[in-house]
Amino acid sequence: MSDDDVELEARLEEQEVFEPSESFVSQANVSDAGIYEEFEENWPECWEGAADLLDWEEPYDQVLDDSNPPFYEWFTDGTINASTNCLDRHLDERGDEAAIEWVGEPVDEDNVTLTYSELHEKVNEAAAALRDLGVGEDDVVTMYMPMIPELPIAMLACARIGAPHSVVFAGFSADALATRMNAADSEYLVTCDGYYRRGDPLDHLDKANEGLGSVEHDTDTVVVDRLGPNGDDFGHDLAADQHDWGELMAANEGATVEPVDRDAEDMLFLMYTSGTTGQPKGVKHTTGGYLAWTAWTSQAVLDIKPEDTYFCSADIGWITGHSYIVYGPLALGTTTMMYEGTPDHPDRDRLWEIVEDYEATQLYTAPTAIRAFMKWGKQYPEAHDLSSLRLLGTVGEPINPRAWKWYYKHIGDEECPVVDTWWQTETGGMMVTTLPGVKDMKPGSAGPPLPGMDIRIVDTNGDEVEPGRAGYLTVNKPWPGMLRTLYKNDERFIEEYWREYSDVDSDDPDDWVYFPEDGAKIDEDGYITVLGRVDDVINVSGHRLGTMEIESAIVGVEGVAEAAVVGGDHEVKGEAVYAYVIVEEGQEESEAFREEIVQGVLDAIGPIARPEQVIFTPELPKTRSGKIMRRLLEDIANEEELGDTSTLRNPEIVEDIRKVVQGN
Ligand code: 6R9
């Protein structure tokens with residue numbers, strides 16, 4: 001490092017508050033600090049502005065109906081279609097502008113630009129094709145696809161005909177697909193033959209077919225041909241209930257489909273997410289509130305303008321991609337980018353090359369990616385002109401100040417504000433983050449709640465804690481983008497999110513408090529630092545994984561008697577999976593068996609859940625009532641000083657396990 005660099009790093013390291021640059025503020029969509037007070041005074045009518053960002057078929061009567069908490073309804077009696085809002089209404093002014101810039105894996109230079117007119121056309125054809133197959137309003141269509149243009153096309157086609165989609169991340173296993181299709185009674189699947197990973201074709205249909213084998217009802221499947229002749233080696237033949245996407249599209253060439261009027265509260269999509277039990281939760285999002293929320297936050301926080309080229313590097317298989325690659329940006333009529341590949345192929349400057357080539361104006365990514373960039377070194381971004389960037393964002397997990405500052409300096413050149421956005425699958429969109437044109441930034445802290453949000457950090461009794469003390473994050477007022485329930489399971493919805501801090505017998509909305517199961521603290525300025533999950537969910541590279549799901553996968557391996565899974569610190573992934581395993585009598589604790597266990601997890605969930613370490617142990621530390629003391633196992637994984645072991649039934653086991661893991 002040069003002397004200048006050393007000086008700069010030292011200054012950055014000490015600096016705790018960063019002001020947004022004047023050049024940013026002067027053009028920001030939101031730059032009036034009065035918005036916080038205004039929203040507070042005018043709640044819930046303050047959300048009319050968000051609804052005004054959309055075109056409604058029938059205007060709504062009431063902003064919020066809170067007569068039956070926690071089953072809140074937003075923009076009641078309004079009717080709206082999401083695909084019209086993302087497409088049709090932009091045609092006049094922006095028909096020839098790019099809606100989606102798709103950057104494929106660099107195998108055959110087949111990048112695709114879809115203008116609003118082209119996207120509109122394809123969505124109409126796809127909507128007609130799905131209807132031909134029999135898809136009707138409210139039929140759940142599952143999608144199991146990687147980052148290819150057909151994924152948002154299929155999503156918007158569903159939105160057009162009022163069929164909710166349920167997107168399953170392509171990296172998930174066949175089992176995960178089957179569980180979700182069964183849970184949603186989904187009779188339709190859109191998938192593809194395969195896709196490229198680091199230049200090599202990868203079979204995907206094989207996995208989809210395996211999953212379909214475990215689906216309990218009849219299904220129709222549409223298969224996109226992504227690989228062309230490069231997929232010939234996989235030797236796929238479509239079964240009688242499987243249809244070729246290209247043929248269906250060709251048969252419907254030029255078709256137009258009248259968008260279906262949806263009630264604001266009608267389901268737009270389902271998204272399954274990990275919880276504390278083995279069964280994933282089907283989070284239900286609606287049409288009006290969700291779209292208003294994602295459009296408003298895209299405008300206020302990501303500062304999206306129609307003429308931008310906005311780049312979010314998430315996968316559409318996760319909520320971030322739904323809200324901030326597809327719905328929010330397209331509702332605003334901007335150009336949204338999709339990247340199929342990984343950030344390190346063909347080289348570690350791939351993202352910077354894309355930013356430069358497309359002159360991206362915003363980059364929204366995850367701390368795990370930023371930590372990897374940091375590890376690879378600043379020479380990669382430095383080799384590219386990143387001056388088109390105006391704003392940077394992160395999401396998915398806490399970002400440590402060092403990574404924040406690296407991002408701010410080496411990617412944003414100290415000119416771009418960084419928005420650290422806290423939210424969840426369940427919240428639909430952002431909840432806690434700085435408004436970039438209004439608020440100073442504090443690295444490591446997501447920032448204050450967005451205007452109109454009532455977020456408090458409380459202790460186990462629900463009383464607010466002093467600034468600086470750790471507590472639990474709670475949301476005390478509803479918001480338009482919130483989940484409405486867990487699919488066909490209102491009871492679990494209340495149990496999972498409300499019971500902890502609400503008076504569940506009351507019908508006064510003031511007695512209802514949403515609990516996202518995150519720990520947090522707040523400072524004197526009202527800035528919130530999110531500390532992480534307080535349930536049995538671990539966050540690997542920004543992806544939520546339930547320890548129970550992984551444990552049941554491990555226990556499913558023959559020869560395993562018992563398993564406990566915890567998250568251990570990981571330099572790049574944030575957290576990594578540590579699996580403590582007790583084998584059955586007669587089962588050898590061999591390397592080969594370790595591999596079998598890892599394979600069991602890959603088969604049941606997918607590569608994101610791959611255990612970093614499998615630790616054989618004769619016993620697990622348990623309380624006298626028989627509960628596994630996960631905290632101790634976490635301390636061991638993190639080489640931290642061990643907490644209190646006095647309540648254990650078997651305290652001696654802790655030292656034995658520690659020796660195995662830490663080797664001394
Ligand atoms: C959008 C998304 C949600 C969980 C959430 C929290 C963690 C997300 C964060 C963050 C600290 C941030 N999380 N953003 N923690 N700072 N900026 O990630 O949704 O996959 O449902 O995960 O992720 O623990 O509860 P989802």
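Start at 1 and go down the list; that is how both ligands and their atoms are numbered.
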Residues [X], [Y]: salt bridge by 4.0 Å N-O rule:
{"X": "Arg456", "Y": "Asp454", "result": "yes"}
{"X": "Glu397", "Y": "Arg371", "result": "yes"}
{"X": "Arg533", "Y": "Glu634", "result": "no"}
{"X": "Asp440", "Y": "Lys442", "result": "no"}

Below 4.0 Å, non-hydrogen atoms only: which portion of Ile319 touches ligand 1? Side chain, backbone, both or neither.
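Side chain only.
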Please name the residue in the list Tyr272, Tyr324, Phe172 that meets the ring pair (Phe, Tyr, Trp, His ring centres under 6.0 Å) test with Trp318.
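The residue from Tyr272, Tyr324, Phe172 that satisfies ring pair (Phe, Tyr, Trp, His ring centres under 6.0 Å) with Trp318 turns out to be Phe172.
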Assess the residue pair Lys281 and Tyr497 against the criterion (side-chain hydrogen bond (donor to acceptor under 3.5 Å, both in side chains)); give the C-alpha distance rounded to whole Å, side-chain angles, the decisive distance to 0.1 Å, and a yes or no.
CA-CA 11 Å; Lys281 306 185 274 197; Tyr497 303 108; 3.2 Å; yes
Does the residue Trp318 have a heavy-atom contact with ligand 1, meaning some pair of atoms that are separated by less than 4.0 Å?
no
Starting from [atom], which protein heavy atom do you reach first, and at what distance in Å?
{"atom": "atom 22 (O) of ligand 1", "answer": "Arg544 CD, 3.1 Å"}
{"atom": "atom 21 (O) of ligand 1", "answer": "Thr425 OG1, 2.5 Å"}
{"atom": "atom 11 (C) of ligand 1", "answer": "Pro398 N, 3.1 Å"}

Could you list the atoms of ligand 1 found under 4.0 angstrom from a heavy atom of [X]?
{"X": "Val530", "answer": "11 (C), 15 (N)"}
{"X": "Thr320", "answer": "1 (C)"}
{"X": "Val395", "answer": "1 (C)"}
{"X": "Asn539", "answer": "7 (C), 23 (O)"}

Aromatic contact between Trp498 and Tyr514, with the criterion being ring centroids under 6.0 Å apart: yes or no?
yes
Measuring centre to centre across the rings, with the benzene-like ring taken for any Trp, is Phe75 within less than 6.0 Å of Trp47?
no
Is there at least one pair of N or O atoms, one from [X] and one from ligand 1, spaced under 3.5 Å apart?
{"X": "Gly396", "answer": "yes"}
{"X": "Asp420", "answer": "yes"}
{"X": "Thr421", "answer": "yes"}
{"X": "Thr394", "answer": "no"}

Search all heavy atoms of Trp479 against all heavy atoms of Thr427 and return the closest pair with its distance.
NE1-O, 3.0 Å
